[in-house]
Amino acid sequence: MIFNRLELVNFRQFYGHQEIEFSAGDRNVTVFHGSNGSGKTTLLNAFTWLFYEKVSFTQDDKLASERALAEAEPKDIIEVRVTLDFEDDDVRYQASRSYDVMKHNDSDLTGFVKGRNLVVWYTDETGNRQKKANPRETLANIIPERLQDVFFFDGETIDQLTQINNEEQVQEAIESVMGITILERAIRHLESAAKRFREEAADKGSSELQDLTLELQGLEDKVAEDSEKLAVVTESLEGIEQELTEIDDDLRVLGAATELQAQRDRITEELEQAKEKQQENLNNFRDQISDYGHIPFAMDAIAKLGEFLNDKHAAGELESAVDSTVIESLLEDGRCICSRPVDEGSPAADQLEELLAQNQTTVVGTKGRILGTYLGDISENEQAFVGQLTKLVRSRKSLRENVQTYQEKLSDVEHSLKKIDDEQIVQMETRRESLIEERNNKLTRKGQLQESIDTNEPRIKRLQNQIKDEQRKSSRADLAAKRQAACEYLQAAFETTYDRQKNEVRQEINAWVNDTFQSIIAKEFYAEVDDDFRLQILKDVGDISAEEVDKSTGERQVASLAFIGSLVRLAYEKSTEDDPTSNYRGGIYPIVMDSPFGSLDPEYQRKVSAMLPEMSEQILVMVTDSQWSDAVQSELAQRAGHQYDLEVTNASDSSSGYESTRIVAEQVEVPA
Amino acid sequence: MSDDDETMSETGATPGIIYYHKNAAFDVLVEEDDIFTSNFKCFIFAGMLGYYMGRKTDDLDYNAQTRWLFIAGNNDIELPIAAIAFADTDDPNVIDNPKKQVEILRQYAASGANILLDQVVQKRGNNLNNLLELINVDRDTDERVEESKMLAEIDATLTQM
């Protein structure tokens, strides 16, 4: 896929009709530079909106240019549109998504979406221009939505790929590029076929088998239903968190609310700290009770045992701490444990003989003496435990009061915010309150669903085993059971194949990831995607190879870039393989990246700039003026076929009084 | 398989797997409330509690298991187990007989688990508070200091060869 031309119409700050031509071929880089807020991220969003109707703006309903809305009359319709001309697999396409946004009244700067339209044109083999019947599906096939984070990414957050718990994201990226849909489909189909045969086996089997199968179906349905609900609740919680963050962000800058919101931020932080201390206190309780909580109950018995051992010791009836067999072997070898000789008749030998004689007349064995030597320690531990518990009980009370105080303070702030004489603030605060209530309800619901799933999953496993036992007993159900077993076997085999292929791909890209990473990072580090699909930066430390090291954001960013570059290369190489049995999707993908130099020092910036043109057939880079440093410029300018400046027209300079951005093509260097 | 087989290790001298009675109190105190780090720790606590309350039973299902290796070498656990077994039997041989000690422990623990259910989990109020109330054994401080001194002296005597 190669992008040719992008057209923006009233899309956010891109007022009016503006066009961009993209570079390809030898000079495959298109650069956009502009100050903060000039619209670089908006450009990235223009692609995700066109392909998936998704944007990452705080206010995602504000798509229409404020300037266009300000200049329009109430009830006027503003066209918001993104059109992209591109080629994929030797076919030329034009995709165009648009909204008709109506202005409500004079002060409306958001508008209301009256109409939505998506159209995809393509040029057929005879040169005729045709319209795709299902444009959404066409775009989804060309760049599936799950690939969007790989090919349209924000450089400032890209280092997340190397964070802890990133394995799911890394694995998904690899799966997306692999596109092994045939195997995935086969696994799904076999799963449903196995279920069907199991039902058939139950029909033909005993009534007990039927009951078990019915019970299993009920439980499986329940778990599936709960899992679906859990996913919905989780997504909805994410939405609530997002909206709460947005409200807090807005309140921080809304004049009358700024001070109170700052107070709330501070108190919330203090409340979190107080809760952490409360949790720490509970953890200490748990550790103390688990390790020593039982001792006080046994102290009387311990004292009784101590007195008994003491009496036996005094009477010479307590065996020494050294077992008789050990003493005998020392005497026989004529050598002590420390290797010194124990000659017959020597003081050491006499002492051992004495111990042996003593052991032979004892009532209580070696264990008694060994335990006896711990009596003082256990008594100290008991006293320390009682002292610790007293302290913990005391601090628990004050920690609980602290938490309550902060909660009361927060409630006061909320009350004050609602009393501000500003309808917008009151509305936001009321909305915030209802969101928090909703969040609490959803968190409770999430816990209930998770508990239900956790309870039912082991029951399902037990029932599956019971059913298998029962099926073996029933000859009438035998055939269906065999078929079911065959499906399950194949399913497992396909899953193994799928995992193996995924692992092969992981190993294949690992070499590229590391080559790219080491060509940029001067230190003795190397990058790899490990067996658990974690993207890691490693270093050989002494005899221990591949120890994970602490990384700066810059190094993590480079590792992530190297990983994405390797995925693009993998997709490209798979597309050139002429193997009809291949399961891989393959393809040529451009990379659209916003601020890829965010946390890099000048040397890394230069090296990353030199590497970028090699990462994909086509690169679109958005950088701030400050990131467009000499180092970056010296490398990228010679590979850039097009350069654009995102020129901001300030509100004071605009006739409408609203800020907008103009895309200005710049002269590019022509190689000598 | 007989109970004896299960609780004996290959050498026959120490118990291997230990079966014990696990009731709903374990689920609450270990899984939900996180008051104990493991079922094993809860089992030991229940054993000592049962001993302290003077209640033991052999009339319950042994539906959970642990291993002697978690006990062996942990003096904070091994010594109390030997001590309650000695107090229970007055037999010096029990001090060197882990298998017998475990038998006595799990009988006390079965009753102790029911005390936990009754007096901690099913009792009104916060479970941690209820448990702390149980642990707050009514022992005189002076008496405890004296006892501690005595035990330290015995310890010192026995440590000498």
Side-chain angles (χ1 to χ4, degrees), chain A residues 282-283 285-310 312-314 317-322 351 355 362-383 385-386 389-390 392-393 396 451 454, chain B residues 29 33-38 40-42 44-53 74-88 90 92-93 95-98 112 128-129 131-132 134-137 139 141 144-145 147-161:
Chain A
L282 282 175
N283 292 347
F285 266 118
R286 182 196 59 204
D287 293 345
Q288 285 289 325
I289 291 172
S290 294
D291 290 344
Y292 307 110
H294 60 281
I295 299 177
F297 297 127
M299 280 316 288
D300 288 345
I302 290 169
K304 185 179 173 186
L305 178 65
E307 283 172 15
F308 171 78
L309 293 173
N310 198 33
K312 292 293 155 194
H313 173 72
E317 292 172 357
L318 184 61
E319 192 169 330
S320 74
V322 188
Q351 205 175 353
L355 274 177
T362 55
V363 174
V364 182
T366 309
K367 191 69 190 175
R369 186 179 289 274
I370 293 171
L371 288 176
T373 60
Y374 197 68
L375 289 165
D377 292 334
I378 203 164
S379 167
E380 271 176 32
N381 286 349
E382 190 239 356
Q383 288 199 56
F385 166 69
V386 173
L389 220 55
T390 312
L392 286 170
V393 169
R396 180 170 177 238
E451 196 184 335
D454 291 346
Chain B
L29 299 175
D33 291 356
D34 205 17
I35 294 176
F36 288 99
T37 51
S38 64
F40 168 71
K41 292 289 173 77
C42 191
I44 298 296
F45 186 94
M48 300 302 151
L49 177 63
Y51 165 77
Y52 184 76
M53 296 287 190
N74 184 339
N75 290 325
D76 281 322
I77 297 177
E78 219 178 331
L79 176 54
I81 292 176
I84 64 166
F86 177 65
D88 189 73
D90 268 331
N93 293 324
I95 299 168
D96 245 341
N97 187 344
L128 178 58
N129 287 344
L131 191 81
L132 289 174
L134 267 184
I135 295 174
N136 189 17
V137 280
R139 299 177 69 227
T141 313
R144 190 187 299 145
V145 171
E147 188 180 82
S148 174
K149 221 188 282 174
M150 174 198 84
L151 289 170
E153 280 167 14
I154 298 172
D155 182 334
T157 310
L158 298 182
T159 308
Q160 292 163 5
M161 287 290 280

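These figures come from a predicted structure and were not determined experimentally. Below, read A as the first sequence line, B as the second, and so on, with proteins coming before strands; counting in each chain starts at 1.
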Say you draw a straight line from CG of B/Asn74 to OH of A/Tyr374; how long is it, rounded to the nearest 0.5 Å? 7.0 Å

Let me confirm one number: the OG-CZ distance from B/Ser38 to A/Arg286, rounded to the nearest 0.5 Å. 10.5 Å

Between CZ on residue A/Arg396 and CG on residue B/Leu132, distance to nearest 0.5 Å: 6.5 Å

Measuring from B/Ile135:CD1 to A/Phe385:CZ, what's the distance to the nearest 0.5 Å? 4.5 Å

Check whether any side-chain heavy atom of B/Leu79 lies under 4.5 Å from a side-chain heavy atom of A/Asp377, and answer yes or no. no

Among B/Asp88, B/Asp34, B/Asp33, residue most engaged with chain A (heavy-atom pairs, under 4.5 Å): B/Asp34

Hey, which of B/Leu131, B/Ile95, B/Asn75 has the most heavy atom pairs under 4.5 Å with chain A? B/Asn75

Under 4.5 Å from any heavy atom of chain B - which part of A/Ile295: side chain

Which bit of B/Phe36 comes within less than 4.5 Å of chain A, counting heavy atoms only: side chain, backbone, both or neither? both

Would you say the side-chain atoms of B/Tyr52 and A/Asp300 include a donor-acceptor pair closer than 3.5 Å? no

Hey, which of B/Ala46, B/Ala82, B/Pro80 has the most heavy atom pairs under 4.5 Å with chain A? B/Pro80

For B/Leu151, is there any backbone N or O sitting under 3.5 Å from a side-chain donor or acceptor partner on A/Ser379? no

So which part of B/Met53 gets closer than 4.5 Å to some heavy atom of chain A, the side chain, the backbone, both or neither? neither

What pairs meet the salt bridge (charged side-chain N to carboxylate O under 4.0 Å, His left out) rule with one or both residues in residues 288-299 of chain A, with sequence neighbours excluded? A/Asp291-B/Lys41

With only heavy atoms counted, which part of A/Leu389 is less than 4.5 Å from chain B, the side chain, the backbone, both or neither? side chain

Nearest 0.5 angstrom please: B/Thr157 OG1 to A/Leu375 CG, how far? 10.0 Å

Parallel, tilted or perpendicular: rings of B/Phe86 and A/Phe308 (30°, 60°): tilted

If I compare all heavy atoms of B/Glu147 with all of A/Ala303, which pair ends up nearest, and what's the gap? OE2-CB, 3.8 Å

Is there a side chain to side chain contact (heavy atoms under 4.5 Å, CB included) between A/His294 and B/Ile77 once you walk through the steps? CA-CA 8 Å; A/His294 60 281; B/Ile77 297 177; 4.1 Å; yes

Any donor-acceptor pair under 3.5 Å linking the side-chain atoms of A/Asn381 with those of B/Asp76? yes

In Å and rounded to the nearest 0.5 Å, what is the CG to CG distance from A/Leu371 to B/Asp155? 11.0 Å

Counting heavy-atom pairs under 4.5 Å with chain A, which one of B/Ile81, B/Leu49, B/Ile84 comes out on top? B/Leu49

Closest heavy-atom contact between A/Ala298 and B/Met48? CB-SD, 3.7 Å

